[in-house]
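Heavy atoms only: backbone and side chains are in, while hydrogens, waters and symmetry mates are out.
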Protein chains: 2
Amino acid sequence: MSDTVKIPRFLLIKQYIENHIASGSWPVGTRVPSENDLAVSFSVSRMTARRALKELDDQGFLNRAPGRGSFVAKPQVRAPHIELRNVVQNIQNLGRYSCRIVSLDSIHADMFIAKTMRVNVDDELYKGVFVHLDANKPAQLEEIYVNPSLAPAFIKQNYQKVVADAYLNWVAQPNHTEYQLSAIMPSAAQRRQLELTHEGEGPCIKITKRHWAQELVISLSILINPSDSYHLGAEIT
Amino acid sequence: MSDTVKIPRFLLIKQYIENHIASGSWPVGTRVPSENDLAVSFSVSRMTARRALKELDDQGFLNRAPGRGSFVAKPQVRAPHIELRNVVQNIQNLGRYSCRIVSLDSIHADMFIAKTMRVNVDDELYKGVFVHLDANKPAQLEEIYVNPSLAPAFIKQNYQKVVADAYLNWVAQPNHTEYQLSAIMPSAAQRRQLELTHEGEGPCIKITKRHWAQELVISLSILINPSDSYHLGAEIT
DNA sequence: AAGTGGTCTAGACCACCAG
DNA sequence: TGGTGGTCTAGACCACTTT
């Protein structure tokens, strides 16, 4: 006799959605059926339909938003395991480091920051903006958001002496760090901070760095580097 | 007024378990409370306790087995060796790789190329231009210059099958690789090759890669990536 | 007001593993 | 046989967004 394998229903629903995405019939941005839709059309409880959508969300195939729906996500190419040399550390080793503190205070999380740092909108966060100088010339603009519950004294430190990143690594050892790299056109404010005088010219490299401790995001750093200032170290094979 | 934030119960359970793991009171291999145990002790339904355990399983903190229980997992050991893996290799692993050969011929070094490759002006070099495709969509534009004395058959290879970079690593093992990163505005030709025309204006990440063998430069690659396509993997400290 | 996703409950049946 | 995790149900309340 043929052994019929029992396939979980949530998997059938996942495959149904995946097929539509893979075949292109649901292009990026398409709204997929809601939990209730799927529950009805697959004759399944909402919790089961929900599981299918949630796992597709976790896997990056969907973006979901309360009150709006679930949408086909834009595929992202991942390149694992790249080390970015720390520009600031580099300058410090050369003995030319100094820091300009643009701001350092307590703020309330907007939607983007809240999502990225896994906190609620309007939660209190620390925010610091620094310009790292190499021989008194701006080398990097840093915008850092810190979860106060994990580093309550963050805002009281003297960042003329200690770099914010080093302080955080000390008080709340991250067990995980994520990097994301992109190229951007700096805003007028960013250009001013970096003293990029050439009008409108010059894209920058943006590095987004997220430190985790257990399940919590300790900090989110947004580093803006002028286009030509970022050199990666030599690597031996 | 003090806003009390509603914390989901499954999160409290997760944190409870994480704290025991992080503090060392539940070492690797320890059996953690079962779904039913947690449901009772936290006065919660089994589905809620289950969620906490399942997420910790997904995140690699626990190993679970039907009939046996949930156990503290051994911390994931990541390679301490840092590697810059290129986008192309990644796409190949996904089985979605293809390549469009824009040009492949013999040229004479201009001043910039000659200086960068440590050869004389007007020396003969091989030059290839490729568009690396991920599921038939451009993911990276590669411009590669090769020293013919170190890879004389470079120009005769079939790059539909073998990536130029892989071929070079095979015929002339580089003992040293340098990377340089910058942000650029793509030229009209580059935008066309990457099919960025519909996305309007946008900066790109440029990676310049130089392979050395002994004191000679084997190759110089200039890789252009659309601004948002480059995500870096997580890294354990 | 209607619809969406986020959380949660109090049950249920199953396959699996242990003593 | 009793406990474990894996799947599933048919409800529920909430915060949120859109209409």
note: R118(A), atom CZ; dG6(C), atom C1'; distance rounded to Å ~ 15 Å

* Looking at every strand, decide which applies to R9(B) at a 4.0 Å heavy-atom threshold: base, sugar-phosphate, or nothing. => sugar-phosphate

Separation of dG5(C) atom P from R68(A) atom CZ, nearest Å, is 11 Å

Note: I21(A) and L62(A) closest approach over all heavy atoms is CD1-CD2, 4.1 Å

From CG of L38(B) across to P of dA10(C) the rounded distance in Å is 16 Å

Separation of dC8(D) atom C1' from R51(A) atom CZ, nearest Å, is 10 Å

Check whether any side-chain nitrogen or oxygen of R64(A) sits under 4.0 Å from OP1 or OP2 of dG6(C), and answer yes or no. yes

Strictly below 4.0 Å: does S34(A) bring a side-chain N or O up to OP1 or OP2 of dG3(C)? no

Report yes if at least one side-chain N or O of R50(A) is closer than 4.0 Å to OP1 or OP2 of dG6(C); otherwise report no. yes

Q | Any side-chain donor near an acceptor of the partner, S34(A) and N36(A), under 3.5 Å | A | no

Rounded to the nearest 0.5 Å, the CZ atom of R51(A) sits from the CG atom of L11(A) at a distance of 7.5 Å

To the nearest angstrom, the CE-P distance between M47(B) and dA12(D) comes to 17 Å

Separation of dA10(C) atom P from E35(B) atom CD, nearest Å, is 16 Å

note: E55(A), atom CD; dG5(C), atom C1'; distance rounded to Å ~ 16 Å

* To do: Ignoring backbone atoms, test whether R46(B) places a side-chain nitrogen or oxygen under 4.0 Å from the OP1 or OP2 oxygen of dA12(C).
  => no

message = Below the 4.0 Å mark, does dT9(D) have OP1 or OP2 next to a side-chain nitrogen or oxygen of T48(A)?
response = yes

Ranking I7(A) and G67(A) by the position along DNA chain D of their nearest nucleotide, the one closer to 5' is I7(A)

Against the side chain of P8(B), the closest entry in dG5(D), dA10(C), dT7(C) is dT7(C)

Atom CG of D58(B) and atom P of dG5(D) are separated, to the nearest Å, by 14 Å

Phosphate contact (dT4(D) OP1 or OP2) by S70(B) side-chain N/O below 4.0 Å: no

Minimal heavy-atom distance between C204(B) and N225(B), with the atoms involved, is CB-O, 3.2 Å

Residues R64(B) and S70(B): closest non-hydrogen pair is NE-OG, 3.0 Å

